[in-house]
Undergrad: 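The structure that follows is given in the form of structure tokens.
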Amino acid sequence: MDMLSALFQESYFTVFNYSGDKSEFAVMNCSQEFDADFTFVLFPWVKKLGLKPEEIGLKLGEYLLNNNSISGYFVVKGFFNFTLHDNFWMDEIYRIHKLKTNELVVQTDTPLKYLVEYCSPNTNKPLHLGHIRNILLGWSLSNILKAIGHRVETTQVINDRGVAICKSMLAWKKFSNGETPESTGIKPDHFVGDYYVLFDKKLNEEYLSWQNSDEGKTILKNLLGQYVNSLNSDPSVNDEKITSDLFKKYKNDYFNTYSVLGKEVREMLLKWENHDQETRLLWKKMNDWVYLGFNESFKKLNVSFDYIYYESNTYLLGKDIVELGLNKGVFYQLPDRSVWVNLEDVGLDNKIVLRSDGTSVYITQDLGTIKQRYERHHSDKYIYIVADEQDYHFKVLFETVKKLGEPYAHNLYHCSYGMVDLPTGKMKSREGTVVDADDLIAEVIHEATSMAEERGEIAALPKEQKDKICTDIALAALKYFILKVSYKKRMIFDPKESVDMQGHTGPYIVNAYVRIQSILRKATFSIDLNVPAKISRPERNLIRSMNTYDKILFEAADSFDPAHLANYLYQLAKDFHKYYHDHRILNAETAELINFRLMICENVAKYLTHGMNCLGISMPDRM
């Protein structure tokens with residue numbers, strides 16, 4: 001496109017005596033409804049040149065034709081549509097053919113160092129569907145940034161301490177009878193997660209029992225009256241719903257004030273903070289179980305991390321920054337000795353950064369972690385892949401860092417992604433209805449295997465090879481279905497739809513690649529033969545699409561959104577499938593045409609491979 005922009009820049013100077021920056025002469029792909037290669041918009045030039053669009057187009061077109069720069073043109077409602085000579089497209093297909101897959105992308109002129117944080121799970125439960133979206137976004141974005149020449153390091157903070165972790169620990173200590181993942185045959189992170197669910201079940205039982213006690217009846221009676229009054233006699237709310245809502249609303253207060261189990265959890269956390277040996281050993285044992293399970297899940301998804309931080313090592317960070325903020329007048333202290341930051345000038349509110357007893361809150365820890373990362377990694381940009389339910393937290397965090405005047409304050413970015421639902425609804429981990437990542441992967445593999453069995457094309461292969469192909473197809477389905485949706489949008493993941501061979505899916509793209517590999521296995525070709533007499537419009541469009549790959553990758557990197565790349569790959573695969581259907585390849589009319597079309601096939605496969613690899617998707621040769 002730069003070459004074409006320069007052509008129009010020179011033409012405007014010659015024809016209209018207009019000298020302008022190359023950025024004014026943007027050229028875009030022509031819509032496929034017209035028989036042309038590219039489009040140049042004339043409307044912005046009407047006022048600048050004092051001419052009608054048709055007059056501008058005629059003068060411009062005749063100049064470019066006489067110069068032999070284009071082979072044809074036509075103007076439609078202010079759009080200058082033009083076609084290049086066949087030899088341009090032949091040169092392009094030869095150029096691409098000579099490139100190796102890792103040479104397809106032009107590197108950025110301004111390489112930066114990025115630190116990308118993603119995943120960062122809790123150790124009280126296994127990874128779930130939401131984690132999968134998080135992981136796939138972080139991994140693919142890192143690959144895309146690397147592909148255009150940036151240096152990228154990846155990290156996660158394991159949330160391995162706190163009340164939630166102690167709930168699983170206490171439930172195992174009280175109710176396990178010493179069973180282990182090994183003795184039960186349960187995947188270790190699922191094993192620990194089961195005890196987190198069990199804790200909530202036991203808490204509900206205790207809560208129900210308490211409600212029937214004299215103390216509970218008295219307290220809830222008063223609360224019920226207050227709650228009913230707050231509803232302002234809404235006729236749509238019946239007694240059963242009022243009781244149910246109050247139960248949920250008051251549950252946390254009950255846990256923190258009256259619950260025996262709640263008291264035991266707080267005591268356990270206090271023991272952990274005081275380095276009680278028995279508590280620390282139990283904590284390490286259960287966390288080690290979870291890490292084994294996490295690593296197995298990461299291996300299934302084929303992702304990894306350069307650096308891993310643990311909240312147990314970072315939760316005390318940030319107190320020195322609070323002291324610095326007080327001295328600089330950025331923070332203020334109340335009489336109860338709690339410390340706050342006033343963010344009203346940026347549309348937020350006052351936020352506590354240190355409790356009155358001197359203990360940290362999450363933002364305190366995050367202030368310390370950011371500074372630690374800056375001192376250790378010296379990155380140019382720090383990206384956090386975290387769900388949009390944390391939007392407010394990151395706004396407060398980033399604005400606080402700016403008020404502190406830290407050198408990295410303007411280099412922080414929250415990649416705020418929407419939640420993922422299934423067709424059956426939302427997920428909740430405490431109730432045990434969460435969609436575990438491992439279960440979802442297994443379900444998609446089952447769907448892909450069923451699809452492969454129906455098609456029967458790999459039936460004769462050895463079982464190990466069939467299993468590998470089905471797993472690759474399943475992961476392509478899972479990863480692509482999630483990454484094709486812009487990360488800011490909430491989405492529904494449908495396992496069955498994700499493996500549809502004819503839909504907007506990963507397997508549809510993989511099928512285009514597999515089809516090409518099948519063609520290439522049956523053919524030999526040489527680039528030394530003469531060019532075909534005529535290059536068809538679909539062939540021009542395919543070559544043109546491949547030429548826009550750099551632009552798409554840079555858009556995906558600049559916006560931190562792999563969906564740009566995912567949707568480009570689908571369109572490229574779709575165009576190829578149509579081309580394959582409408583054009584003979586191995587039995588084309590001439591040897592020159594066969595070899596030319598084989599080159600197109602091989603080049604399309606290169607781009608599909610590179611792009612899908614950037615998304616973290618492997619491409620099987622058969623399916």
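Nothing here was measured: the structure is a model prediction, and the numbers come from that model.
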Undergrad: Just verifying a value: how many Å separate N143 CG and I148 CD1, rounded to the nearest 0.5 Å?
TA: 12.0 Å
Undergrad: Just so I know, are the side chains of L569 and L615 near enough to count as touching, which here means a heavy-atom distance under 4.5 Å?
TA: yes
Undergrad: If the threshold is 4.0 Å, N to carboxylate O, is there a salt bridge linking R151 and E153?
TA: yes
Undergrad: So among F394, F560, Y384, which one has a ring-ring contact (aromatic ring centres under 6.0 Å, His included) with H414?
TA: F394
Undergrad: Could R373 and Y382 be counted as a cation-pi pair, given that NZ or CZ must be under 6.0 Å from the ring centre and within 45° of the axis?
TA: no
Undergrad: Please report the shortest heavy-atom distance between I469 and M623, naming the atom on each side.
TA: CG2-CA, 3.9 Å
Undergrad: F298 and F305: ring pair (Phe, Tyr, Trp, His ring centres under 6.0 Å), yes or no, with the steps?
TA: CA-CA 10 Å; F298 295 148; F305 304 87; 5.1 Å; yes
Undergrad: Using a cut-off of 6.0 Å, state whether more than 12 heavy atoms not belonging to K173 lie near its atom NZ.
TA: no
Undergrad: Going by the ring-ring contact (aromatic ring centres under 6.0 Å, His included) test, name the single residue among W272, W172, Y310, W289 that passes it with W283.
TA: W272
Undergrad: Quick test of your reading: applying salt bridge (Lys or Arg N to Asp or Glu O under 4.0 Å), list the pairs with at least one residue in residues 464-481, sequence neighbours left out, ordered by first then second residue.
TA: K463-D467, K468-D472
Undergrad: Which pairs, with at least one residue in residues 496-508 and sequence neighbours excluded, count as a salt bridge (Lys or Arg N to Asp or Glu O under 4.0 Å)?
TA: E447-K496
Undergrad: Begin from the C-alpha positions of L301 and I135 and carry the test side chain to side chain contact (heavy atoms under 4.5 Å, CB included) through to its verdict.
TA: CA-CA 9 Å; L301 292 170; I135 290 167; 4.2 Å; yes
Undergrad: Using a strict 4.0 Å threshold on nitrogen-to-oxygen distance, state whether D200 and K251 make a salt bridge.
TA: yes
Undergrad: Give a yes or no on whether the backbone of D306 and the side-chain of T154 come within a donor-acceptor separation of less than 3.5 Å.
TA: yes
Undergrad: Looking only at heavy atoms, what is the nearest atom pair of A147 and Q107, with distance?
TA: O-NE2, 3.0 Å
Undergrad: For D366 and H393, work out which heavy atoms get closest and say how close.
TA: OD2-NE2, 2.6 Å
Undergrad: Quick one about E311 and T314 (side-chain donor to acceptor, distance below 3.5 Å, no hydrogens or angles considered), yes or no?
TA: no
Undergrad: Any side-chain to backbone donor/acceptor pair from S31 onto F34? Under 3.5 Å, distance only.
TA: no
Undergrad: Return yes when atom CG of N177 has more than 12 non-hydrogen atoms of other residues, nucleotides or ligands closer than 6.0 Å, and no otherwise.
TA: no
Undergrad: For Y362, does the OH atom have more than 12 heavy-atom neighbours from other residues, nucleotides or ligands under 6.0 Å away?
TA: no
Undergrad: Is the shortest side-chain N to carboxylate O distance from D37 to R537 below 4.0 Å?
TA: yes
Undergrad: Does H610 use its side chain to pair, donor to acceptor, with the backbone of Y607 at less than 3.5 Å?
TA: no
Undergrad: With Y417, which of D561, L137, V485 fulfils side-chain contact (heavy atoms from CB on, under 4.5 Å)?
TA: L137
Undergrad: Within the side chain of E539, is there an N or O that forms a donor-acceptor pair under 3.5 Å with the backbone of S536?
TA: yes
Undergrad: State whether K125 and D189 are salt-bridged, where the test is any N-O pair (Lys NZ or Arg NE/NH1/NH2 against Asp/Glu carboxylate O) under 4.0 Å.
TA: no
Undergrad: Drop me the distance from C415's SG to I383's CD1, to the nearest 0.5 angstrom.
TA: 7.0 Å
Undergrad: Report the distance from atom NZ of K174 to atom OH of Y195, rounding to the nearest 0.5 Å.
TA: 13.5 Å
Undergrad: Is it true that K299 and S304 share a donor-acceptor pair across their side chains at a distance under 3.5 Å?
TA: no
Undergrad: Would you name the heavy atoms of R597 and Y579 that are closest together and state the gap between them?
TA: CG-OH, 2.9 Å
Undergrad: Any carboxylate oxygen within less than 4.0 angstrom of a Lys/Arg side-chain nitrogen, looking at D388 and K488?
TA: no
Undergrad: Is a side-chain donor or acceptor of T155 paired with a backbone partner of Y307 at a separation under 3.5 angstrom?
TA: yes
Undergrad: Measuring from I535:CD1 to E92:CD, what's the distance to the nearest 0.5 Å?
TA: 11.0 Å
Undergrad: Taking 4.0 angstrom as the limit, do K113 and D380 come out as a salt bridge?
TA: no
Undergrad: Run the numbers on M286 and F191 for side chain to side chain contact (heavy atoms under 4.5 Å, CB included), then give the verdict.
TA: CA-CA 9 Å; M286 294 188 72; F191 177 84; 5.7 Å; no
Undergrad: Can any side-chain N or O of Q390 pair as donor or acceptor with the backbone N or O of A387 at less than 3.5 Å?
TA: no
Undergrad: L542 and side-chain contact (heavy atoms from CB on, under 4.5 Å): which partner among D575, N603, I93, N547?
TA: D575
Undergrad: Other residues, nucleotides and ligands only: do more than 12 of their heavy atoms fall within 6.0 Å of NZ on K146?
TA: yes
Undergrad: Within a 6.0 Å radius of atom CG on D109, are there more than 12 heavy atoms belonging to other residues, nucleotides or ligands?
TA: no
Undergrad: Within this structure, what is the CG-CD1 distance for the pair L475 and I617, rounded to the nearest 0.5 Å?
TA: 9.0 Å
Undergrad: Kindly give the heavy-atom pair with the smallest separation between A452 and C470, and that separation in Å.
TA: CB-SG, 3.8 Å
Undergrad: Can you tell me if D160 and T123 form a side-chain donor-acceptor pair at under 3.5 Å?
TA: no
Undergrad: Rounded to the nearest 0.5 Å, what's the gap from CE on M501 to CD1 on I509? Could you check?
TA: 11.5 Å
Undergrad: Taking S120 for the side chain and V157 for the main chain, is one N or O donor matched with an acceptor at less than 3.5 Å?
TA: yes
Undergrad: Less than 6.0 angstrom from the centroid, inside 45 degrees of the normal: does K381 satisfy that with respect to the ring of Y413?
TA: no
Undergrad: Might you work through the side chain to side chain contact (heavy atoms under 4.5 Å, CB included) test for L478 and F493, ending with a clear yes or no?
TA: CA-CA 9 Å; L478 172 64; F493 179 80; 3.5 Å; yes
Undergrad: Within 45 degrees of the axis of the six-membered ring of Y549 and under 6.0 Å from its centre: does K551 put its NZ or CZ there?
TA: no
Undergrad: Carefully, step by step, assess Y374 and I370 under the rule side chain to side chain contact (heavy atoms under 4.5 Å, CB included).
TA: CA-CA 6 Å; Y374 173 73; I370 293 175; 5.5 Å; no
Undergrad: Looking at every non-hydrogen atom in both residues, tell me the closest pair between G503 and Y508 and how far apart they are.
TA: O-CB, 3.3 Å
Undergrad: If only atom types and distance count, is the side chain of H128 paired as donor or acceptor with the main-chain N or O of G130 below 3.5 Å?
TA: yes
Undergrad: Return yes if some donor-acceptor pair links the side-chain N/O of R490 with the main-chain N/O of V420 below 3.5 Å, else return no.
TA: no
Undergrad: Please answer whether the main-chain N or O of P126 pairs with a side-chain N or O of K187 as donor and acceptor at a distance below 3.5 Å.
TA: no
Undergrad: Please check if any side-chain donor atom of D439 sits under 3.5 Å from a side-chain acceptor atom of H190, or the reverse.
TA: no
Undergrad: With T548 as reference, evaluate L572, L553, N29 under the side-chain contact (heavy atoms from CB on, under 4.5 Å) test and give the passing residue.
TA: N29
